[in-house]
Amino acid sequence: MASDDKEVAVDLAPILRVYKDGTVERLIASPHVPPSPEDPATGVSSKDTTISSLISARLYLPNLPKTTTTTTQKLPILVYFHGGGFCAGSTFSFLSHRYMNLIASESKALIVAVEYRLAPEHPLPAAYEDCWDATQWVASHAVDGNDDGGDKELWLINHGDFERVFIGGDSAGGNIVHNIAVRAGIESFHGDLKILGAFLSCPYFWGSKPMGSELTEKSEQMKLYRIWMFVYPSASGGIDNPMINPFADDAPSLSGLGCSKVLVCVAEKDPLRDRGVHYVEAVKEESGWKGEVELVEVEGEDHCFHIFTPDTENAKNLIKRLASFIAQ
């Protein structure tokens with residue numbers, strides 16, 4: 001915890017402060033928790049793995065029926081990217097761990113929750129590169145999947161259905177999902193793996209031209225602008241860089257999204273709500289993309305409410321909807 005008498009250089013409360021001595025104080029940090037052989041609430045098993053010298057992940061395996069085929073039962077794969085404005089959060093946090101246990105249990109999916117590098121220690125595009133590389137690592141298991149050697153992860157080899165690979169994320173993680181999908185429409189994964197679906201929950205998109213209710217959200221608009229400029233100071237075009245503003249004039253066409261179906265979830269009171277809605281409209285009506293896109297809006301709720309308060313009725317319903325999207 002930073003000292004009260006230190007001089008603040010950058011104040012992005014309630015997310016983060018940076019002090020002039022270089023200290024970084026993450027204000028919304030959730031305590032890290034270890035993986036569990038069997039989560040008491042859901043029965044989901046989890047373990048940590050190293051993907052590279054820069055990237056790690058926590059894997060989640062749902063409780064499978066005890067049958068003779070249990071050891072080889074194939075499950076959909078979700079590659080998940082946490083939120084936190086690219087500068088906070090962790091896949092090893094209590095909040096993320098609880099959330100992933102619920103998603104794994106409800107969807108019966110094998111989850112790879114990626115721990116990517118954060119700004120300001122590692123400014124963007126580090127997180128984008130880490131998440132692309134992590135998805136490539138998952139795809140590598142589809143090639144010579146029966147080879148138990150090297151850095152192969154047995155849960156993926158034994159239980160991963162590489163015909164049903166999904167990517168998903170909340171907030172900044174939803175932004176990462178969009179950018180991975182755009183890149184997947186241009187570049188190939190190992191073994192020519194295809195992403196079946198992508199969910200973007202409360203995705204972090206922004207831009208210089210306000211949309212809808214953003215016209216009255218000047219303080220929030222400034223904060224969301226400042227976060228982006230802090231985490232990606234070298235971004236060409238600033239807040240209208242296509243990675244934060246998919247509607248910018250020079251943004252890649254949404255017709256090229258490299259997946260077959262998209263689910264976007266927004267919350268009524270979330271300042272990011274209008275851009276999530278516009279994203280769906282742009283994909284559906286303007287881009288000519290040939291896949292399926294769906295919007296889910298939850299009334300009366302704020303940003304990422306289902307992660308912070310998963311026991312409410314609205315949160316339970318949204319988690320079930322995300323799970324059914326993966327399990328279809």
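Values below: every heavy atom of this structure, side chains too, minus hydrogens, waters and symmetry copies.
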*asked:* For Tyr116 and Trp132, I'd like to know if the aromatic rings sit close, meaning centre-to-centre distance below 6.0 Å.
replied: no
_Side-chain heavy-atom pair Cys131, Arg183 within 4.5 angstrom cut-off_ = no
*asked:* I'd like to know if Glu163 and Lys74 make a salt bridge, using a cut-off of under 4.0 Å between side-chain N and carboxylate O.
replied: no
*State whether the side chain of Ser171 and the backbone N or O of Gly173 hold a donor-acceptor pair below 3.5 Å, judged by distance alone.*
no
_Row check, Phe325 ring normal vs Lys261 NZ/CZ: under 6.0 Å, within 45°_ = yes
*Do Asn241 side-chain atoms and Gly237 backbone N/O form a donor-acceptor pair below 3.5 Å?*
no
*asked:* Could you check whether Tyr19 and Glu25, counting side-chain N and O atoms only, form a donor-acceptor pair closer than 3.5 Å?
replied: yes
*Please round to the nearest 0.5 Å and tell me the distance separating atom CG of Leu78 and atom CG of Leu110.*
9.0 Å
*When the aromatic ring centroids of Tyr60 and Tyr80 are compared, is their separation below 6.0 Å?*
no
*Given the rule that I, L, V, M, F, W and Y join up when any side-chain heavy atoms are under 4.5 Å apart, are Leu254 and Ile167 in one cluster?*
yes
_In this structure, would Val114 and Val177 fall into the same cluster of hydrophobic residues linked by side-chain contacts under 4.5 Å?_
yes
*Check whether any side-chain heavy atom of Arg17 lies under 4.5 Å from a side-chain heavy atom of Leu12, and answer yes or no.*
no
*asked:* Count I, L, V, M, F, W, Y as connected when their side-chain heavy atoms are under 4.5 Å apart, and connections chain through other members. Are Tyr232 and Val18 then in the same cluster?
replied: yes
*Is there a side chain to side chain contact (heavy atoms under 4.5 Å, CB included) between His141 and Lys152 once you walk through the steps?*
CA-CA 7 Å; His141 290 74; Lys152 299 294 186 183; 3.9 Å; yes
_As a quick check of understanding, evaluate side chain to side chain contact (heavy atoms under 4.5 Å, CB included) for Glu214 and Trp206, giving each step before the final call._
CA-CA 10 Å; Glu214 292 171 10; Trp206 210 248; 3.4 Å; yes
*Backbone N/O of Pro37 and side chain of Ser45: donor-acceptor pair under 3.5 Å*: yes
_Between Asp240 and Ser208 (side chain of the first, backbone of the second, donor and acceptor by atom type, cut-off under 3.5 Å), is there such a pair?_
yes
*Ala57 backbone acceptor or donor facing Thr49 side chain under 3.5 Å*: no
*asked:* Looking at Lys6 and Asp21, is any side-chain nitrogen of the basic one under 4.0 Å from a carboxylate oxygen of the acidic one?
replied: yes
*Exceeds 12 heavy-atom contacts within 6.0 angstrom, atom NZ of Lys320*: no
_Using side chain to side chain contact (heavy atoms under 4.5 Å, CB included), reason through Lys269 and Glu301 one step at a time and then give a plain yes or no._
CA-CA 6 Å; Lys269 296 181 180 180; Glu301 299 291 357; over 6 Å; no
*May I ask you to decide if Ile55's main-chain N or O and Ser52's side chain share a donor-acceptor pair within less than 3.5 Å?*
yes
*Shortest non-hydrogen contact between Ile15 and Cys87, atoms and distance*: CG2-SG, 3.8 Å
*Between the main-chain N or O of Tyr204 and the side-chain N or O of Asn175, is there a donor-acceptor pair closer than 3.5 Å?*
yes
*Distance from Ser255 atom OG to Lys290 atom NZ, nearest 0.5 Å?*
9.0 Å
*Short side-chain donor-acceptor distance under 3.5 Å, Asp39 and Ser36*: no
_Euclidean distance, Asp250 CG relative to Asn245 CG, rounded to 0.5 Å_ = 9.0 Å
*NZ/NE/NH1/NH2 to OD/OE distance under 4.0 Å, Glu153 and Lys47*: yes
*Between Gln136 and His190, what is the shortest heavy-atom contact and its length?*
OE1-N, 2.9 Å
*Given the rule in the salt bridge (Lys or Arg N to Asp or Glu O under 4.0 Å) test, do Arg117 and Glu129 qualify, once you have shown the distances and angles that lead to the verdict?*
CA-CA 9 Å; Arg117 289 173 292 167; Glu129 293 302 320; over 6 Å; no
*Quick one: are the ring centres of His278 and Phe205 less than 6.0 Å apart?*
no
*Calculate, to the nearest 0.5 Å, the distance between atoms CD1 and CD1 belonging to Ile326 and Ile111 respectively.*
6.5 Å
*Taking the six-membered ring for Trp and the full ring for Phe, Tyr or His, determine whether the centres of His97 and Phe92 are under 6.0 Å apart.*
no
*Would you say Val112 and Phe81 are hydrophobically clustered, going by side-chain heavy atoms of ILVMFWY under 4.5 Å?*
yes
_Pairing donors with acceptors under 3.5 angstrom, does anything connect the side chains of Thr312 and Asn314?_
no
_Any side-chain to backbone donor/acceptor pair from Lys284 onto Glu292? Under 3.5 Å, distance only._
no
*May I ask you to say whether Arg26 pairs ionically with Glu121, meaning some side-chain N is under 4.0 Å from a carboxylate O?*
yes
*Could you tell me whether a side-chain N or O of Asn179 sits under 3.5 Å from a main-chain N or O of Met243, the two making a donor and an acceptor?*
yes
_Distance-only side-chain donor-acceptor flag, Ser90 / His82, under 3.5 Å_ = no
*Look up atom CG in Asp130 and atom CG in Leu124, then write down how far apart they are to the nearest 0.5 Å.*
10.0 Å
*With no hydrogens and no angle check, do the side chains of Asp133 and Tyr128 hold a donor and an acceptor under 3.5 Å apart?*
no
*Is a side-chain N or O of Glu294 found less than 3.5 angstrom from the main chain of Val262, in a donor-acceptor match?*
no
*First locate atom NE2 of His32, then atom OG of Ser30, and finally report the distance between them rounded to the nearest 0.5 Å.*
8.0 Å
*Decide whether Leu257 and Val165 are clustered together by the hydrophobic rule: side chain heavy atoms of Ile, Leu, Val, Met, Phe, Trp, Tyr closer than 4.5 Å, transitively.*
yes
*At their closest point, which heavy atom of Pro246 faces which heavy atom of Tyr279, and how far apart are they?*
CG-CD1, 4.1 Å
*Could you give me the CA-CA distance, side-chain angles and deciding distance for Val138 and Ile77, then say whether side chain to side chain contact (heavy atoms under 4.5 Å, CB included) is met?*
CA-CA 9 Å; Val138 170; Ile77 300 167; 4.1 Å; yes
